[in-house]
Amino acid sequence: MARNGTTTPLDAAAVRAAMQRDRFVSICRIVREDESIGSLNITPTQQQVLDACINHRWVMIKKYRQAKITTLMILDLLGQCMYSPGVQGVLIAEKYDTAETAWGRARYAYDYLPDAIKIPTRSGRDPAKREMEFVHGGRIKTITAATGTPAIGNSPDRVVVTEYDEFNDQDNFNAHFFPSVAKRQNARVVMESTPGKQGTTSHTMWLKALEGSSQFHPVFLKWWLDDTCTIHDPTFIPDQTELRLMEELEGITYAHLAFRRARLDTEFIGDDNKFRHKYPYGPYDGWAAESGNILPSDALLPMLTDAVATIDGREHYFEDREEGVPYLLTCDPAGYGSDGDPSAITMWNAWDRTEVMSWSGREDPGRLAARIMRIQSHWDCDVVVESNAPACVQALMSARCPKLYHTNANHPGFYMTATGKSAAIVTLVEQLRQNDIHLKTKATIHQLMQWDGQSRKRGKGEHGRHHFDRAITVMIAAAMFRQRGYGL
């Protein structure tokens, strides 16, 4: 079989067929796990990923260990660059070894393509480099993000970022990477990884994708539907935990449970949290929790089933006002400037403690006060505004806002000591556990899942930059529900 640089004529019909992305990857030769050599047999999981990448320009994938997605992605990238004149493609890996392995698979697949469909490469290229340029100007390469600022070069058209959750400085990478693709209308980006740490930039990006407020289309891969994650043991008898998993994970079999048990008894030393970190049970599962995340995710997760995505800067209402029903508006105002935090407003039906309105956005204190006044005039609600940013409270005082909460006679607005805040957090945890508070917005729930109990956002270098404006409004509501005894 000829190698790159062949002069064998191309077969136009065969090339047209190979240009179909699912067709091309199935033509590529690989070294399989059993050390045999042959074409890639696309698994259902790989087909799910490939379909998403064909139908969406930006895709974020949360996978399980050894899902074989990186192999699929480098072969798909090879086909796109080889059959698209001038298209520049790059795979960015978290470390040198991953980049080298991916490049070896691409190089091997290209070398053993049938001559009739293989676009020749330009001569004179250094074979030691992880880069291949075709005669029509298309190019594919693999690089590493180990330095934090990978040498992406000219703006790429196709990008695969693998094991993004393992990147040392995700914020620094994003600052250098996304400007190179953000304005390219035909650019395609895939970011794939197993779940990393809770509260990181990657975690926030994934939650935003699940909300529907991001360019990324989220794809969660279910290990319990993969036949390679099985052990067929006729003596296997499930225990109570495994029987519960059979009820919760549709499609799981005894063979998958036997695989799970074997992993727990081997590398994960009986720790289910460690297993779930590599083989998560759902799209919100598997993230390594840190001590800073203080609210119970098991109480928050069920609310996501009926929660809705919201758009920052837009007021979202979930029910109409009812006469005789008490309403409570809680607000976390923020400073306003070139890099100020967002402010947030949440309104509650105080009888059943249900979120009925949500808004978050960057707005100067005067406009925020005017927004609160307009909402209050229609809903006749109590107004509780945190006093950390006094300009908004002062504007409401000047406008003689009805039902404005005062911490005491000399302190308009909501103020808490550290002890009072701790008590409010404990109350919120109790209300969540007892299903006494009901949230409607995905963004609010996601903030609460990441919240560390602090009022302000974390700074750069502390797992990314996060703001908790919506979370603060929920904490205020919990304190008010306890203090005034609304509803329940």
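None of the values given here were measured: they were computed from a predicted structure.
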Expected list for residues 304-314: side-chain donor-acceptor pairs under 3.5 angstrom, two or more places apart:
unit_1	atom_1	unit_2	atom_2	d
Thr305	OG1	Pro302	O	3.3
Asp312	OD1	Arg470	NH2	3.4

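When only modelled atom types and interatomic distance are considered, Asp272 and Tyr279 share no side-chain donor-acceptor pair under 3.5 Å. Gln447 and Asp469 share a donor-acceptor pair across their side chains, judged by distance under 3.5 Å alone. Side-chain contact annotation: Glu355 with Thr441, donor-acceptor N/O pair under 3.5 Å present. Checking Trp348 against Thr330 by side-chain atom types alone, a donor-acceptor pair falls below 3.5 Å. Using a 3.5 Å distance cut-off with no hydrogens or angles, the side chains of His446 and Glu211 do pair a donor with an acceptor. For the residue pair Gln450 and Thr204, a side-chain donor N or O sits within less than 3.5 Å of a side-chain acceptor on the partner. For the 3.5 Å distance criterion, the side chains of Thr230 and Tyr254 fail to qualify, holding no donor opposite an acceptor. With 3.5 Å as the limit, one finds no donor-acceptor pair spanning the side chains of Ser398 and Gln394. Side-chain atoms of Thr200 and His203 include no donor-acceptor pair closer than 3.5 Å.
For residues 297-326, the set of pairs meeting the ring pair (Phe, Tyr, Trp, His ring centres under 6.0 Å) definition, not counting sequence neighbours, comprises Tyr317-Trp379. For residues 214-225, no residue pair satisfies the side-chain hydrogen bond (donor to acceptor under 3.5 Å, both in side chains) rule, not counting sequence neighbours. Within the structure, the ring pair (Phe, Tyr, Trp, His ring centres under 6.0 Å) test picks out the following pairs touching residues 395-414 (sequence neighbours left out): His411-Tyr415. The salt bridge (Lys or Arg N to Asp or Glu O under 4.0 Å) pairs that include a residue from residues 369-379 are Glu315-Arg371, Glu315-Arg374, Glu363-Arg371, where partners are two or more places apart or lie in different chains.
Geometric assessment of Arg263 against the ring of Phe259 yields a positive cation-pi assignment under the 6.0 Å and 45° thresholds.
Look at Asp157 and Arg188 and you find no salt bridge, because none of the NZ, NE, NH1 or NH2 atoms lies under 4.0 Å from a carboxylate O. A salt bridge does not link Arg158 with Asp76: none of the charged nitrogens is closer than 4.0 Å to a carboxylate oxygen.
Remark: Thr144 OG1 to Ile92 CD1 distance equals 9.5 Å, nearest 0.5 Å.
Of the possible donor and acceptor atoms, one in the side chain of His256 sits under 3.5 Å from a partner among the backbone N and O of Asp226. At least one donor-acceptor pair under 3.5 Å links the side chain of Lys403 to the backbone N or O of Asp380.
Shown here are the ring-ring contact (aromatic ring centres under 6.0 Å, His included) partners of Phe220, two or more places apart in sequence or in another chain: there are none.
The environment of Glu319 atom CD is dense: over 12 non-hydrogen atoms of other residues, nucleotides or ligands sit within 6.0 angstrom.
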Report the C-alpha separation of Thr70 and Glu192 in whole Å, then their side-chain angles, then the decisive distance to 0.1 Å, and conclude whether the side chain to side chain donor-acceptor pair (under 3.5 Å) test is met. CA-CA 8 Å; Thr70 304; Glu192 53 101 349; 2.7 Å; yes
